[in-house]
Amino acid sequence: MKRARKEGGIGLVYARSSVVRLVLLWGSVLLLSQPVRAQIYVDINATGLNNGTSWCNAYKDLTPAINNAVTGDEIRVAKGLYKPGTVRTSTFLLQQDGVTLLGGFAGCGEPNPDLRDIRLHETILSCDLNGDDQPGFINNGENCYHVVTANFRDFSTVIDGFTITGGNADLPPPGTNDRGGGIINKNPFSTTNGPTIRNCIIRGNSALNKGGGMYNDKHNAILINCLIVGNRAKFAGGIDNFSANPTLTNCTIAYNSADGDSNSQQGGIRDSGGSATTLQNCILWGNSDIGGMDESAQFVSSLFTPPTLSYTTIQGFPASFLDGLGVNGADPQFLDPFGTDGVAGTDDDDWRLVLSSPAINTGNPAFDSPVGADTDLDVALRIQSCRVDRGPFESAKLQLANDYNADESIDLIDYAHFQRCFATSSAANPIDTVCLCVFDSNNDNINLVDYVEFHDSFISP
Ligand SMILES: [Ca+2]
Ligand SMILES: [Ca+2]
Ligand SMILES: [Ca+2]
Ligand SMILES: [Ca+2]
C-alpha cells in the first residue's frame with residue numbers, strides 16, 4: 001500500500017500557504033526569545049528622527065547603521081530598495097565582526113513592524129545607482145562595483161535575508177574592482193573563516209574578470225539557503241574562489257554565465273589556487289561558458305584539491321573526477337527559472353521545484369538544519385516530509401512510505417536501506433531519521449511488523 005507518513009495524508013500534498021503562516025508565527029516567537037542584542041533599525045519608509053532607535057525612527061539608509069554598529073549588534077532592515085551611495089565606488093562595507101544584518105521585516109507603519117518574511121518583505125541591496133537597469137545587464141554602466149564588501153570579516157558577520165543585485169565590477173586592474181560584483185570577500189594576507197551568508201538571493205551581478213556573483217579570496221565563507229542565479233563574468237559567473245574553502249549548504253547556483261575565450265571558464269563555481277569547496281544539498285544547473293552547459297561549466301576544481309560533494313545535483317555529472325555520496329546529474333526541474341522576461345536572475349523568476357523534481361526529498365538523510373536556517377527561502381520549514389530537499393526551497397511534497405531514496409519506486413535499493421535501518425542501531429550503524437519516517441509503519445521501532453509492510457509494498461507497490 002502506498003502511503004505518506006507523518007502528515008497522515010495519502011498521496012502528495014502541496015499546501016505551502018498554511019505552512020508559511022504557521023512558520024511565520026513560530027519564527028516571530030523565536031526572535032522574541034533570543035538573547036537581547038542591541039538593535040539598530042533601518043527602514044526606507046521611516047518618518048521620525050532617523051537615528052536607528054526604532055522602526056519609525058529608523059535610519060533610512062543601511063550605511064549609517066553599518067557605520068554605527070559594534071560587535072554584538074543586530075541591524076534589522078525593513079522591506080524596500082537600498083543603495084550604498086551615489087558613486088561607483090560606493091559599497092555596503094562591513095567593517096566590524098559580530099554584527100548581524102537581517103532583512104525582510106515589515107517595518108514602520110505596519111501592524112506588526114517586527115514581522116519577518118524575507119519573501120513578502122523583500123529587502124534589496126542594489127548597485128543600480130540610476131535605477132535604470134533592464135534584464136540582461138542593460139544600463140549597468142553607472143552601477144557601483146560591489147554591492148557588499150566583507151573583506152576580513154569572520155563567521156560572526158552574518159548577512160541574512162537580502163537580495164543582492166546590480167553589482168558591476170568592470171574596472172580593469174590595477175585593483176580589485178574587476179571581480180566580485182555582488183559580494184567581495186578578500187584577505188590578501190591570511191585565511192579568514194567568514195562571512196556567514198544565509199537566505200540570500202545573489203542575482204544579476206557582473207564582473208569584468210571573475211566572480212560575477214561572489215569572489216572569495218582566502219575567505220572560507222559559509223552560504224546556507226542561498227540562490228545565486230543569472231550572474232556573469234569572464235571567468236566564474238557565479239562564484240570564484242581563490243585559496244578559499246567555502247561551504248555551501250542547500251544553495252542553488254544556476255544560469256550564471258562565463259564568456260571567457262576558452263571552453264572551460266566555469267559559469268557556476270570555480271576553485272583555484274588550492275581552493276576546495278564543500279557542497280551539500282545543492283543544485284548546480286544551467287550554468288554556461290562558451291563550451292556550453294556541461295559539467296565543467298557548472299563546477300571546476302583541481303584534481304589535487306578536490307571539492308567535498310554530497311547530495312548535490314550537477315548538470316553533466318559524471319564527466320570528470322568529481323564524485324560524492326548522492327551526487328547526480330538529474331534535471332532538478334525548476335518551476336520557472338526565466339520568468340516572463342525570459343532572463344534568469346531577474347525578479348520574475350521562480351526557482352522552486354516542480355512536484356516531479358528528483359531534487360525533492362533527496363538531500364542528506366542525516367541532515368539537521370543549521371542554526372539560523374531552520375526555514376527555507378519561503379520562510380517555510382526547512383525539512384518537510386521525511387527528508388530535506390536540495391536547493392534553498394523546500395517542497396511540501398510528501399515522501400512515499402518505504403521509498404527511502406524518494407524515486408517513487410520501491411525496489412532493491414530501498415530494500416538495502418530497509419536492511420540497514422532494521423539492524424540494531426549503534427555508532428557503527430546509525431539509524432537516520434529517514435529510516436523511521438519511511439519504514440516505521442506503527443511508530444514504535446523498525447521491526448518485523450514493518451518488514452511485512454515493506455514486503456507488501458515491494459511486491460505490490
Ligand atoms: Ca543602472
Ligand atoms: Ca526573469
Ligand atoms: Ca523534503
Ligand atoms: Ca525507491
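Computed from a predicted structure; not experimentally measured. Keep in mind that the numbers below use all heavy atoms, side chains included, and drop hydrogens, waters and symmetry copies.
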- Message: Counting C-beta onward and ignoring hydrogens, is there a side-chain heavy-atom pair between D170 and D178 closer than 4.5 Å?
- Response: no
- Give a yes or no on whether the backbone of A276 and the side-chain of N245 come within a donor-acceptor separation of less than 3.5 Å. yes
- Which is it for R153 and D97 under the salt bridge (charged side-chain N to carboxylate O under 4.0 Å, His left out) test, yes or no, and what are the steps along the way? CA-CA 6 Å; R153 297 285 70 83; D97 288 326; 2.7 Å; yes
- Flag the pair L81 / K83 as yes when at least one side-chain heavy-atom distance between them is below 4.5 Å, and no otherwise. yes
- Item | Expected output: side-chain S156 to main-chain G98 donor-acceptor under 3.5 Å | yes
- Message: Do N193 and D154 pair up side chain to side chain, a donor and an acceptor below 3.5 Å, judged on atom types alone?
- Response: no
- Message: For a 4.5 angstrom cut-off between non-hydrogen side-chain atoms, does I269 reach I253?
- Response: yes
- Is the backbone N or O of G212 less than 3.5 Å from a side-chain atom of R179, with the two atoms forming a donor-acceptor pair by type? no
- CD1 of I197 to CD1 of I164: how many Å apart, nearest 0.5 Å? 6.5 Å
- What distance separates F367 CZ from I383 CD1, expressed to the nearest 0.5 Å? 6.0 Å
- Message: Would you say S257 and S288 are linked by a side-chain donor-acceptor pair, where the criterion is simply a distance under 3.5 Å?
- Response: no
- Item | Evaluation steps, side-chain contact (heavy atoms from CB on, under 4.5 Å), between R88 and N168 | CA-CA 9 Å; R88 299 204 68 200; N168 180 24; 3.6 Å; yes
- Message: Show me the pairs that pass ring pair (Phe, Tyr, Trp, His ring centres under 6.0 Å) and involve residues 285-342, at least two apart or across chains.
- Response: Y255-F338, F334-W351
- Task: Could you walk me through whether R387 and E394 pass the salt bridge (charged side-chain N to carboxylate O under 4.0 Å, His left out) test, one step at a time?
- Result: CA-CA 10 Å; R387 186 165 168 174; E394 183 80 11; over 6 Å; no
- Message: Classify the ring geometry of F418 against F439: parallel below 30°, tilted from 30° to 60°, perpendicular beyond 60°.
- Response: perpendicular
- Are a donor atom and an acceptor atom from the side chains of S409 and D411 found within less than 3.5 Å of each other? yes
- Which is it for V148 and L125 under the side-chain contact (heavy atoms from CB on, under 4.5 Å) test, yes or no, and what are the steps along the way? CA-CA 8 Å; V148 173; L125 310 182; 4.1 Å; yes
- Query: With distance as the sole test, does S243 use its side chain to make a donor-acceptor pair with the main-chain N or O of G273 at under 3.5 Å?
  - Reply: yes
- Between the side chains of N205 and N231, is a donor N or O closer than 3.5 angstrom to an acceptor N or O? yes
- Query: Atom CD1 in I314, atom OG in S296: separation rounded to 0.5 Å?
  - Reply: 11.5 Å
- Quick one: does D403's side chain have a donor or acceptor within less than 3.5 Å of a partner on L400's backbone? no
- Rounding to 0.5 Å, atoms CD1 (I202) and CD1 (I183) come to a distance of 4.0 Å
- Query: Do you know which two heavy atoms are closest between T433 and P365, and how far apart they sit?
  - Reply: OG1-O, 3.7 Å
- Task: Identify the heavy atoms of F162 and L101 that sit nearest to each other, and give their distance.
- Result: CE1-O, 3.4 Å
- Query: Between R352 and D350, is a salt bridge (charged side-chain N to carboxylate O under 4.0 Å, His left out) present by the stated rule, with each step listed?
  - Reply: CA-CA 6 Å; R352 296 175 184 87; D350 193 334; 3.0 Å; yes
- Query: So, N287 and Q298: side-chain donor and acceptor under 3.5 Å apart, yes or no?
  - Reply: yes
- Identify the heavy atoms of G161 and I118 that sit nearest to each other, and give their distance. CA-CG2, 3.7 Å
- Message: Within this structure, what is the CZ-CD1 distance for the pair F454 and I459, rounded to the nearest 0.5 Å?
- Response: 11.0 Å
- Okay, side chain of T312, backbone of L309: is any donor-acceptor separation there less than 3.5 Å? no
- Message: Can you confirm whether H146 sits close enough to N177 that some side-chain heavy atom of one is under 4.5 Å from a side-chain heavy atom of the other?
- Response: yes
- Item | Any donor-acceptor pair under 3.5 Å from N130 side chain to D132 backbone | no
- Message: I'd like to know if the side chain of D440 and the backbone of C437 have a donor-acceptor N/O pair within less than 3.5 Å.
- Response: no
- Message: If you compare all heavy atoms of G85 against all heavy atoms of L129, which two are closest, and at what distance to 0.1 Å?
- Response: O-CD2, 3.4 Å
- Task: Go through the steps to decide whether N139 and Q134 satisfy the test side chain to side chain donor-acceptor pair (under 3.5 Å), and finish with yes or no.
- Result: CA-CA 7 Å; N139 295 335; Q134 296 294 317; over 6 Å; no
- Task: Would you please say whether a donor-acceptor pair under 3.5 Å links the side chains of E295 and S320?
- Result: yes
- Note on the structure: CG (L93) and CD1 (I184) are apart, to the nearest 0.5 Å, by 11.0 Å
- Might you work through the side-chain contact (heavy atoms from CB on, under 4.5 Å) test for Q315 and D294, ending with a clear yes or no? CA-CA 6 Å; Q315 186 170 6; D294 58 3; over 6 Å; no
- Close side-chain approach of Y145 to L171, heavy-atom, < 4.5 Å: yes
- Query: For I159 and C200, which heavy atoms make the closest approach, and how far apart are they?
  - Reply: O-SG, 3.7 Å
- Query: Does the distance from a Lys or Arg side-chain N to an Asp or Glu carboxylate O, for D289 and R232, drop under 4.0 Å?
  - Reply: no
- Query: So, C226 with C251, SGs under 2.5 angstrom?
  - Reply: no
- Message: Could you walk me through whether D240 and R270 satisfy the salt bridge (charged side-chain N to carboxylate O under 4.0 Å, His left out) test, starting with their C-alpha distance in whole Å, then the side-chain angles of each, then the deciding distance to 0.1 Å, before giving a yes or no?
- Response: CA-CA 5 Å; D240 193 61; R270 176 175 72 168; 2.7 Å; yes
- Query: Looking just at side-chain N and O atoms, do R420 and Y404 make a donor-acceptor pair shorter than 3.5 Å?
  - Reply: yes
- State, with a plain yes or no, whether a side-chain heavy atom of L248 is found less than 4.5 Å away from one of I239. yes
- Message: Under a plain distance cut-off of 3.5 Å, with no hydrogens placed, do S457 and N402 share a side-chain donor-acceptor pair?
- Response: yes
- Message: Quiz question: by atom type and distance under 3.5 Å, do the side chains of T346 and D348 form a donor-acceptor pair?
- Response: yes
- Item | Residue pair N216 / N241, side-chain donor-acceptor N/O under 3.5 Å | yes
- Query: So, T313 versus R390: side-chain donor-acceptor pair below 3.5 Å or not?
  - Reply: yes
- Could you walk me through whether R198 and N225 pass the side-chain contact (heavy atoms from CB on, under 4.5 Å) check? CA-CA 6 Å; R198 297 191 297 238; N225 287 350; 5.8 Å; no
- For the student: nearest non-hydrogen atoms of F393 and L227, plus distance: CE1-CD2, 4.2 Å
- Query: So, Q266 side chain and V300 main chain: donor-acceptor pair closer than 3.5 Å or not?
  - Reply: no
- Query: Do L223 and M214 come within less than 4.5 Å of each other through their side chains, counting heavy atoms only?
  - Reply: yes
- Message: Measuring only between side-chain heavy atoms, which start at C-beta, is T100 closer than 4.5 Å to I75?
- Response: no
- Message: Test of understanding: with side-chain hydrogen bond (donor to acceptor under 3.5 Å, both in side chains), list the residues that count as partners of D389, not counting sequence neighbours.
- Response: none
- Item | Any donor-acceptor pair under 3.5 Å from T63 side chain to N67 backbone | no
